[in-house]
Amino acid sequence: MKVQDIEIPLQKQKNFRYRLFEILPGALSWSILILPFILSQINAQLTALLILAFILLWFARALGLNIRVIQGWKRLKTYEKMHWQHYLDDLQNLEVTLTKSPKWHTNNLERLKQNPSPVKPRDLYHAIVIAAYNESQDVLEPTIQSVLDMDYDMKKVILVFAYEGRDGAQSEKPVLSLTEKYKKEFYHAIAVKHPLTPNEVRGKGGNITYAARELQRYLEKEKIDPLEVVVTTLDSDNRPHRNYLALLSYMYASTDMPEQYSFQPVPIYSNNIWDAPAPMRVIATGNSFWNVVLSMRPHMIRNFSSHAQGMKALIETDFWSVRTIVEDGHQFWRTYFRYDGNHYVLPMYIPIFQDAVLDVNYRKTLRMQFVQLRRWAWGASDVAYVADKGFFTRNKKLSKVDVTFKFLRLLEGHISWATAPLILALAAFIPLLINPDDFTANQLPQIVSRIQTVAMAGILITLYLSVKALPPKPKRYKAHRNVFMILQWVLLPVTSIVYSSFSALNSQTRLMFGWYLGAFDVTTKHVKSDDS
């Protein structure tokens, strides 16, 4: 598909069919939530059986997720300890040097001897694009320091600060100061100011795209092949693991067609986990574990938050979309259709540590958490995009079967996001509410309660891993803080409904009525120290 055909249509360009698919996620979600009330009026027994079947299905699903999170966590810890610089040397020379190298590494070398990659590890450059809006130097500098702390040659790394020039953004002074302070540590460092631009959503996509075009001009000037450049996008509070660049180099240089792949590390929201309020800690930990689960399900994984992609692929897709506030997840679909379905996201079993939501006070923090999740849930807008490009655009190279499965997974994911917590928590009481004298309706809450009691055992796994995942406790907190880190999980049902379901329903309802989110609601970043 040509690059001009992969852009999201402007509002005035959306036809009736496109609007129908924008309405679809919200219409299905609200229908599913209303359906138990209607069915209970018709047949209480049938309604109870359907609700019970749904809860049993999710019980089995929860078992699978618990297994996946344990497997994923173990793999994450294994990859963190691996000798990636040694493996890169092996990749460069196509010879195994470590006696206890994993079998997959040996297999990779044998494969590359038969079908060499177009890129050698030592020829690679990395561009780190850090997006900034209103962040202070206290927030931005640790991100640069975490990049410098990586086990990698920084003279092969280009630092790109993408900062906003719109709406009174306050990051310009710290960005310019930090660029000047650290430029000698990198191969090159630039700070790019993004102006207010017509037909762009006020968001991260336009900011990093504008900076990446400046990077493209620099590479052309230096005669650096874009195929030999890998671009990682970071938010201002991100802290990549020290092995991140080495592993990314290994994965990129061991693929036969690097432009057809994106690379997704595992976002872990633990930078300030000790400082965030209890509801935010529960949500942050849950999101972290969900990202671990996704890393074990490559067919489900999509670009999210910080991710990496080759510069050649970015140029050929005209970088990220400037018309959506979810440019990260949308980038998968954008590249997928640009390469006629030949695009894949490879999970990187290495963490990028990020902040839990923390604003200046408790009330603002609670609100900002909802705003962040609502922005993530705006990925439901991709349902209409995928339907339009996948089913109604003439492209004989595109597999309709593959598009259909991907479309259904996308749609089901957003509907489950909006409906599952509410149904699991409340649906068992609906038949009883409408038919108080019905025996089946009276028995359903008791049966569901027993199932939920058994399912609660899964929380013990989450609790154990959440404690294991905690960074060292800051000195400003006493020992009793550890107790609160365990007791916080009683809030899980509340956070699942108030934040997960309601944020998704909010986004989907906005899509239904055309109340579009026209600006990226930046999550406020604050740093708490022993002094303040």
Side-chain angles (χ1 to χ4, degrees), residues 1-11 125-135 158-167 169 171-172 175 179 188-221 224 226 229-236 238 259 262-264 302-339 343 345 375 378-379 381-382 385 389 516-522:
M1 191 177 288
K2 295 180 180 178
V3 67
Q4 61 265 29
D5 297 329
I6 63 172
E7 190 55 270
I8 299 171
L10 297 168
Q11 304 305 335
Y125 290 87
H126 288 273
I128 306 292
V129 180
I130 301 175
Y133 179 65
N134 268 337
E135 293 78 17
I158 301 168
L159 176 67
V160 182
F161 257 124
Y163 70 98
E164 286 289 3
R166 60 175 172 84
D167 302 339
S171 283
E172 182 169 29
V175 162
T179 304
H188 184 63
I190 54 175
V192 184
K193 184 177 182 178
H194 175 228
L196 187 63
T197 307
N199 292 328
E200 283 189 4
V201 167
R202 285 178 164 87
K204 181 181 170 185
N207 187 12
I208 58 178
T209 291
Y210 191 83
R213 288 182 177 139
E214 182 64 29
L215 172 64
Q216 180 186 5
R217 286 188 284 270
Y218 172 76
L219 297 177
E220 290 171 353
K221 177 184 174 184
I224 298 175
V229 180
V230 194
V231 180
T232 296
T233 61
L234 296 179
D235 286 340
S236 58
N238 292 179
E259 67 273 16
S262 294
F263 305 89
Q264 182 61 55
R302 301 288 179 263
N303 304 73
F304 176 70
S305 187
S306 301
H307 58 278
Q309 194 169 10
M311 187 67 178
K312 182 175 185 291
L314 288 172
I315 292 171
E316 291 181 350
T317 56
D318 195 25
F319 305 98
W320 299 269
S321 175
V322 301
R323 297 182 183 178
T324 178
I325 62 169
V326 284
E327 86 301 324
D328 48 2
H330 181 75
Q331 182 64 12
F332 169 80
W333 301 111
R334 189 176 175 85
T335 316
Y336 177 82
F337 289 115
R338 175 66 179 89
Y339 290 127
H343 176 64
V345 179
R375 185 180 74 236
W378 193 252
S381 60
D382 280 333
Y385 176 85
K389 305 302 181 187
Y516 298 106
L517 291 175
F520 185 105
D521 295 307
V522 179

Enquirer: Answer with yes or no whether the side chains of Thr335 and Gln309 bring together a donor and an acceptor at under 3.5 Å.
Expert: yes
Enquirer: Please examine the side chains of Trp320 and Thr233, heavy atoms only from C-beta on, and report whether any two atoms are closer than 4.5 Å.
Expert: yes
Enquirer: Locate the shortest heavy-atom distance separating Ala131 from Ile208; write the atom from each residue and the value.
Expert: CB-CG2, 4.0 Å
Enquirer: In terms of ring plane angle, is the pair Tyr339 and His343 parallel, tilted or perpendicular, where the classes change at 30° and 60°?
Expert: tilted
Enquirer: Do Arg334 and Ser321 have side chains that approach each other closer than 4.5 Å (heavy atoms only, starting at C-beta)?
Expert: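 In short, these two side chains touch, coming nearer than 4.5 Å.
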Enquirer: Can you name the nearest heavy-atom pair linking Met1 to Asp5, along with the distance?
Expert: CG-CB, 3.6 Å
Enquirer: Can you sort out the partners of Lys389 under salt bridge (Lys or Arg N to Asp or Glu O under 4.0 Å), two or more places apart, ordered by chain and number?
Expert: none
Enquirer: Mind listing the closest non-hydrogen atom pair of Ile130 and Asp235 along with its distance?
Expert: CG2-O, 4.3 Å
Enquirer: To the nearest 0.5 Å, tell me how far Phe337 CZ sits from Ile6 CD1.
Expert: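 Output value for this atom pair is 10.0 Å.
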Enquirer: Is a salt bridge present between Glu220 and Arg217, judged by a nitrogen-to-oxygen distance below 4.0 Å?
Expert: no
Enquirer: Should Met311 and Ile224 count as side-chain neighbours, where that means a heavy-atom distance under 4.5 Å?
Expert: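 The answer is no; the side chains never approach within 4.5 Å.
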Enquirer: Taking side chain as C-beta onward, heavy atoms only, is Asn303 less than 4.5 Å from Val345?
Expert: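 Answer yes - side chains close enough.
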Enquirer: Does the side-chain contact (heavy atoms from CB on, under 4.5 Å) test come out yes or no for Leu314 and Gln331, once each step is laid out?
Expert: CA-CA 9 Å; Leu314 288 172; Gln331 182 64 12; 3.7 Å; yes
Enquirer: What pairs with Tyr210 under ring-ring contact (aromatic ring centres under 6.0 Å, His included), at least two apart in sequence or on another chain?
Expert: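 Tyr210 satisfies ring-ring contact (aromatic ring centres under 6.0 Å, His included) with His194 only.
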Enquirer: OG/Ser305 to NZ/Lys204 distance, rounded to the nearest 0.5 angstrom?
Expert: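 The OG atom of Ser305 sits 5.5 Å away from the NZ atom of Lys204.
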Enquirer: May I ask you to test the His330-Ile325 pair for a side-chain heavy-atom distance under 4.5 Å?
Expert: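 Not in contact.
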Enquirer: Could you tell me if the side chain of Val3 sits less than 4.5 Å from the side chain of Glu316, heavy atoms only?
Expert: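 A side-chain contact is absent here, since even the closest heavy-atom pair is not under 4.5 Å.
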Enquirer: Could you check whether any side-chain N or O of Gln264 sits under 3.5 Å from a backbone N or O of Phe304, counting only pairs where one atom can act as donor and the other as acceptor?
Expert: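 At least one qualifying donor-acceptor pair exists.
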Enquirer: How close do Ser381 and Val326 get, counting heavy atoms only, and between which atoms?
Expert: OG-CG2, 4.2 Å
Enquirer: For the pair Ser171 (side chain) and Asn134 (backbone), establish whether a donor and an acceptor sit closer than 3.5 Å, ignoring hydrogens and angles.
Expert: yes
Enquirer: If I compare all heavy atoms of Arg323 with all of Asn199, which pair ends up nearest, and what's the gap?
Expert: CG-O, 3.9 Å
Enquirer: For the residue pair Leu219 and Ile158, establish whether any side-chain heavy-atom pair is separated by less than 4.5 Å.
Expert: yes
Enquirer: Distance check, rounded to the nearest 0.5 Å: Thr232 atom OG1 versus His126 atom NE2?
Expert: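 These two atoms lie 7.0 Å from each other.
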Enquirer: Hey, what do you get for OH (Tyr163) to OG1 (Thr179), rounding to the nearest 0.5 Å?
Expert: 8.0 Å
Enquirer: Report the distance from atom CD of Glu7 to atom OG1 of Thr324, rounding to the nearest 0.5 Å.
Expert: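 So the CD of Glu7 and the OG1 of Thr324 are separated by 9.5 Å.
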Enquirer: Taking Glu214 for its side chain and Thr209 for its backbone only, find out whether a donor-acceptor pair lies under 3.5 Å.
Expert: no
Enquirer: So, for Gly206 and Val322, which heavy atoms are closest and what is the spacing to 0.1 Å?
Expert: CA-CG1, 3.6 Å
Enquirer: Tell me whether Arg338 contacts the main-chain N or O of Lys2 through its side chain, where contact means a donor paired with an acceptor under 3.5 Å.
Expert: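 Between the backbone of Lys2 and the side chain of Arg338 there is no qualifying donor-acceptor contact (under 3.5 Å).
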Enquirer: Going by heavy atoms in the side chains, are His307 and Asp328 under 4.5 Å from each other?
Expert: yes
Enquirer: Is Glu135 reaching over with its side chain to a backbone N or O of Tyr133, donor-acceptor style, under 3.5 angstrom?
Expert: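 Yes, Glu135 side chain to Tyr133 backbone: donor-acceptor pair under 3.5 Å.
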